[in-house]
Amino acid sequence: MAQATENLTAADSTIFGQLSKFDHEQMVFCNDNATGLKAIICIHNTVLGPGLGGTRFYNYANETDAITDVLRLARGMSFKSSIAGLNLGGAKAVIMGDPNKLKSEAFFRKFGRFIENLNGKYITAEDVGTTIKDMEYIKMETDSVVGLSENRGGGGDPSPVTAFGVYMGMKASAKETWGSDSLSGKRIAVQGIGKVGEHLVSYLTKEGAKVYIADVNQESLARVSKEHKAEIVAKDSIYGLDVDIFAPCAMGAVLNTENINQLKVSIICGAANNQLADEVTHGQLISSKNINYAPDFLVNSGGIINVYSELVGYNREIAYAQTENIYQQTLEIYRKAKEDKTTTHQAALTIAQKRIHDYAKVKSTY
Ligand code: NAD
């Protein structure tokens, strides 16, 4: 979470200063002494629909880090849902504290009560530090929760759908870069072989790519390497590998000046949220190195497409079909970035912001 405090200047260090910087609508602080719950729900924008975004449970160093993180994550959700064409706004929640010490049924039911009090304006889901079981406790108090297990009418783990979307974005990036979307024979480095990364590795090796994997979890590395015939590389050497594609599927803000300058790849396309440590500086640095960057919030939108499907009646086939559109959308982003002479990240952001802006005018008629 080192990125949590970046870009925070004295001028926007008040809560309202930070809310107004990127036009966030609402921030709700939830405190419960009995269970130890300390949560912050942040709603960035609800023009397209209720704000949907997961609940992150993390032992933040301080309140400032938690607030900065939830502001950044909520805004990211607005653009992710917008570009995916969903009728959803952007929001996120963070819970401060040690998940291993604090979790209980009462804890999550209390949090569910706070969500219920927002009358549907915020819908939660799983995120780092929370599980399907936690969502089921929340569900006992509110219907404003998705990402439930299949036997409870939910869509189950969205990670396989997310991985499929990243795969589609990667194939489109290959088409843009080499004229063919085949990944056969391409050398691809996957950083993080967790819930999404492993599914991605599976797609890639099945297509005949040579896949290199890095993770901090040695057990996962040994298992995934064996099951998918992927080659293990040291965690810190992954940026400098002589490969064609880098797929960040672990944590955010990995694309900083130092790491980008080590990359020898032609494409960056992965699942991690907020990959660019700084949207402008690092988007431009990647572009100046002639690397095709598939914007994270577009290519990893399969997960939100899958959980959105729960709100309208879950259908896995439809979720996959919608996620397949990421292929065409990624190609469109490359085209628009060239046309606008801008970075792919900015091109994607422009499309996402335009949809919100346009729909705000439609809404104003009643
Ligand atoms: P996960 O926790 O299952 O997997 C993350 C993996 O990264 C773990 O195996 C972890 O050990 C590894 N890791 C942590 N630090 C690392 C490091 N320094 N170097 C290499 N590996 C490291 O998470 P996930 O659900 O697979 O999500 C991966 C990323 O994709 C996250 O950034 C997440 O926010 C994003 N994302 C996930 C989904 C989804 O559907 N799960 C949807 C959208 C975005």
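Every number for a ligand or one of its atoms is a count from 1 in the order of the listing. One-based numbering along the sequence shown.
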Nearest protein heavy atom to atom 26 (O) of ligand 1, by residue and atom, and its distance? Val196 N, 2.8 Å

Classify the ring geometry between His44 and Phe79 as parallel (under 30°), tilted (30 to 60°) or perpendicular (over 60°). perpendicular

Taking atom 14 (C) of ligand 1 as the reference point, the nearest protein heavy atom with its distance: Val216 CG2, 3.8 Å

Please check whether Ala271 reaches ligand 1 - meaning an N/O of the residue sits under 3.5 Å from an N/O of the ligand, judged on distance alone. yes

Below 3.5 angstrom, do we get any N/O pair linking Ser159 and ligand 1? yes

Between Asp134 and Thr131 (side chain of the first, backbone of the second, donor and acceptor by atom type, cut-off under 3.5 Å), is there such a pair? yes

Among all protein heavy atoms, pick out the one at the shortest distance from atom 40 (O) of ligand 1; state its residue, atom name and that distance to 0.1 Å. Thr162 OG1, 2.7 Å

Could you identify the single nearest non-hydrogen protein atom to atom 23 (O) of ligand 1 and state the distance to 0.1 Å? Lys195 NZ, 4.2 Å

Measure Cys249 to ligand 1 on non-hydrogen atoms and call it side chain, backbone, both or neither using the 4.0 Å cut-off. backbone

For Gly90, does its backbone N or O pair with a side-chain atom of Arg75 as donor and acceptor, under 3.5 Å? no

Counting heavy atoms only, which of Asp215, Asp296, Val224 is nearest atom 12 (C) of ligand 1? Asp215

Could you give all pairs that pass the side chain to side chain donor-acceptor pair (under 3.5 Å) test and reach residues 321-331, with sequence neighbours left out? Asp181-Tyr327

May I ask you to establish whether Lys210 and Tyr212 are in a cation-pi arrangement, using a distance under 6.0 Å from NZ or CZ to the six-membered ring centre and at most 45° from the ring axis? yes

Can you run down the side chain to side chain donor-acceptor pair (under 3.5 Å) pairs that involve residues 23-34, sequence neighbours left out, and say none if there aren't any? Glu25-Thr46, Gln26-Lys121, Asn31-Asn33, Asn31-Lys38, Asp32-Thr35

Is Ser220 near ligand 1, meaning one of its heavy atoms is under 4.0 Å from it? no

Looking at Ala250, Gly147, Gly194, the heavy atom closest to atom 4 (O) of ligand 1 belongs to Gly194

Side chain, backbone, both or neither: Lys235 near ligand 1, heavy atoms under 4.0 Å: side chain

Under 4.0 Å from a heavy atom of Gly192: give me the atoms of ligand 1 that qualify, with their elements. 7 (O), 21 (N)

Pair Ser104, Tyr137: side-chain N/O donor-acceptor within cut-off below 3.5 Å: no

State yes or no: are the ring centers of Phe57 and Phe111 separated by less than 6.0 Å? no

Out of Gln218, Met251, Glu219, whose heavy atom is nearest to atom 15 (N) of ligand 1? Met251

Are Ile232 and Val211 grouped together when hydrophobic residues (ILVMFWY) are joined by side-chain heavy atoms under 4.5 angstrom apart? yes

Out of the candidates Lys206, Glu207, His199, only one should pair with Tyr167 under the side chain to side chain contact (heavy atoms under 4.5 Å, CB included) rule; please name it. Glu207

Please list the nearest protein heavy atom to atom 43 (C) of ligand 1 with its residue and the distance rounded to 0.1 Å. Asn300 O, 3.6 Å

With respect to Asn273, determine whether any N or O atom, backbone or side chain, lies less than 3.5 Å from an N or O atom of ligand 1. yes

